[in-house]
Protein chains: 2
Amino acid sequence: MSTVNLTPTSHVVLGLIARKGPSTSYELKAAVANSIGNFWPFPHAQLYTEPARLAAAGYLNEEREEGGRHRRTYSITDSGRQALAEWIAAPTPTGYEVRDPGLLKLFFGDLAQAPSDLEALAAAQLEAHATRLEEYRELDRLLEGMGVHDHARTTLSFGLVYEEGAVRFWQQVQREHRERGSR
Amino acid sequence: MSTVNLTPTSHVVLGLIARKGPSTSYELKAAVANSIGNFWPFPHAQLYTEPARLAAAGYLNEEREEGGRHRRTYSITDSGRQALAEWIAAPTPTGYEVRDPGLLKLFFGDLAQAPSDLEALAAAQLEAHATRLEEYRELDRLLEGMGVHDHARTTLSFGLVYEEGAVRFWQQVQREHRERGSR
DNA sequence: GCATCACCATATGAATCATACGGTGTAGAT
DNA sequence: ATCTACACCGTATGATTCATATGGTGATGC
């Protein structure tokens, strides 16, 4: 039970187990995939190694299946619950990251050889974001229909804000590009 | 001159050198810091190792100061310029990442012990984003005054969209929280 | 009783990261 | 003159994260 420093991954693991009860890594993987995994991806291997680390530090209990797949089921300890509560109460570092390859390419747009390259970029990005926006909207309607009003849904609504912004942005890029082209 | 696969970092390095001409790692560091580094951070050590890698692959030329600080100045080769153009012309992977610790904490808001924890979170996030928004606006006005209308400024305008969205979002979170609290 | 595929877990080596450390030039003080 | 302090600049390090490959398990259908 040595001390470890808790990364965002740690808090995700602790949080999910605290919320859903005892879970296996595979279950965590599924839970991540359709929520925060949307914008904050983890390689699934981490959801196997991280709980083990947390168990060694005393934040989780580990129970291992004897035969078969040797599934390990993790449950949260008091110490884990406390660490989680402290994290939520602590001041939050303000730095965030947005890593969007399309945006990066746009940033270097002046180095494109053909103007059509940028048109194609804008069109593709617009379509991708519009599709994602529609998916989020559908999911949101679904949750609304189920009467869900939890924090996960609030987080989803940030996704909506983001995608709406992205769609407007790339439309604007397209528009400016056309104007410049036709002048 | 073995083949290497080009990462986003590679393209940033190639792009900056293509745009600004021969540069040292230190100069790259500065150029990154006040542009894309705002939302897509690179540890500065990478701006030293990456150009070396690219030089070994024939995308950059390296010239080394004999005495003193042993600065290496990199300039782009034809091969590098071509790789860059190909990248811009190629279809862009659509996946993006948003890693915001505040959002993550909100996602687990139901596990907070005191409701005031969430209030504090929202207030802090709101303030941080509002500050950043103001900075971006100021920078944008500055560029406008200088008559700058390049792609870097377009990218900045995405930053504006993002921060405006974030501010609205956290205001909304605050509002809902107050309503819920007073009910 | 065998083939096949979805399910589940781990191993691996490479890439990335934060961070610490160590040199170099220079401007002002003494 | 030379010293000292600090800004400038580059590299090394060990830990963490990552993508990807591999391999075992169990259920289903034939």
Side-chain angles (χ1 to χ4, degrees), chain A residues 2-13 16-17 20 22-34 36-37 39-57 60 62-74 93-97 99 101 104, chain B residues 2-13 16-17 22-34 36-37 39-57 60 62-74 93 95-97 99 101 104:
Chain A
S2 57
T3 51
V4 289
N5 58 340
L6 299 180
T7 66
T9 308
S10 317
H11 294 121
V12 168
V13 169
L16 287 176
I17 294 178
K20 309 227 173 203
S23 312
T24 67
S25 291
Y26 193 74
E27 287 164 348
L28 291 178
K29 196 174 103 186
V32 163
N34 53 45
I36 37 173
F39 57 91
W40 192 321
F42 307 91
H44 80 276
Q46 251 184 279
L47 301 186
Y48 286 89
T49 56
E50 185 63 24
R53 225 175 60 98
L54 293 173
L60 295 176
E62 179 182 321
E63 197 177 343
R64 183 168 187 182
E65 233 181 36
E66 273 314 312
R69 312 208 159 175
H70 300 285
R71 264 180 278 239
R72 292 162 206 266
T73 300
Y74 296 95
T94 67
Y96 61 89
E97 299 177 16
R99 300 186 177 217
L104 191 60
Chain B
S2 59
T3 50
V4 289
N5 59 341
L6 299 180
T7 66
T9 309
S10 317
H11 294 122
V12 168
V13 169
L16 288 176
I17 294 178
S23 312
T24 66
S25 291
Y26 192 74
E27 288 164 348
L28 291 178
K29 196 176 103 184
V32 163
N34 53 46
I36 35 171
F39 55 90
W40 191 320
F42 307 91
H44 81 274
Q46 253 184 280
L47 281 319
Y48 286 87
T49 56
E50 185 63 21
R53 226 173 60 97
L54 294 172
L60 295 176
E62 179 180 320
E63 198 176 343
R64 185 166 186 184
E65 233 181 35
E66 275 311 315
R69 310 206 161 178
H70 301 285
R71 265 180 278 238
R72 294 161 206 263
T73 301
Y74 297 95
Y96 61 87
E97 300 177 16
R99 298 186 179 221
L104 191 60

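Proteins come first, then strands; the chains are lettered A, B, ... in the order of their sequence lines, and each starts at number 1.
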Asks: Could I get the full list of ring pair (Phe, Tyr, Trp, His ring centres under 6.0 Å) partners for Y96(A), not counting sequence neighbours?
Replies: H129(B), Y162(B)
Asks: Detail all sub-3.5 Å separations between protein N/O atoms and N/O atoms belonging to nucleotides 14-22 of chain D.
Replies:
unit_1, atom_1, unit_2, atom_2, d
dC18(D), OP2, Q46(A), OE1, 2.1

Asks: For the pair made of CG in L54(B) and P in dA15(C), what is the distance, rounded to whole Å?
Replies: 13 Å
Asks: Heavy atoms only: give me the nearest E50(B)-V13(B) pair and the separation to one decimal.
Replies: CG-CG2, 4.0 Å
Asks: Taking salt bridge (charged side-chain N to carboxylate O under 4.0 Å, His left out) as the test, write out the residues that go with E63(A), two or more places apart.
Replies: none
Asks: Do any side-chain nitrogens or oxygens of Y48(B) fall under 4.0 Å of OP1 or OP2 in dG10(D)?
Replies: yes
Asks: So, using salt bridge (charged side-chain N to carboxylate O under 4.0 Å, His left out) as the criterion, who are the partners of E27(B) when residues are at least two apart?
Replies: none
Asks: In chain order, what residues pass the side-chain contact (heavy atoms from CB on, under 4.5 Å) check against P43(A), with sequence neighbours excluded?
Replies: Q46(A)
Asks: Could you pull out all residues at least two apart from P41(A) that satisfy side-chain contact (heavy atoms from CB on, under 4.5 Å)?
Replies: E97(B), R99(B)
Asks: Rounded to the nearest angstrom, tell me the gap between atom CG in L28(B) and atom C1' in dT11(D).
Replies: 16 Å
Asks: OP1 or OP2 of dT11(D) sitting under 4.0 Å from any side-chain N/O of R72(B)?
Replies: yes
Asks: Using the C1' atoms of five pairs at each end, what's the angle between the two axes of the helix from dG1(C)-dC30(D) to dT30(C)-dA1(D), to 10 degrees?
Replies: 0°
Asks: Does A31(B) have any side-chain contact (heavy atoms from CB on, under 4.5 Å) partners at least two apart in sequence or in another chain, and if so, which?
Replies: L16(B), K20(B)
Asks: Write down the distance between OH (Y26(B)) and C1' (dG10(D)), rounded to a whole number of angstrom.
Replies: 11 Å
Asks: Go through the structure and list residues passing side-chain contact (heavy atoms from CB on, under 4.5 Å) with S25(B), not counting sequence neighbours.
Replies: Y48(B), P51(B), Y74(B)
Asks: Hey, what are the protein-to-nucleotides 4-6 of chain C N/O distances that come in under 3.5 Å?
Replies:
none

Asks: Taking OH from Y74(A) and C1' from dA9(C), how many angstroms apart are they, rounded to a whole number?
Replies: 10 Å
Asks: According to side chain to side chain donor-acceptor pair (under 3.5 Å), who are the partners of T7(A), at least two apart in sequence or on a separate chain?
Replies: S10(A)
Asks: Given atom CG of L47(B) and atom P of dG10(D), what is their separation to the nearest angstrom?
Replies: 11 Å
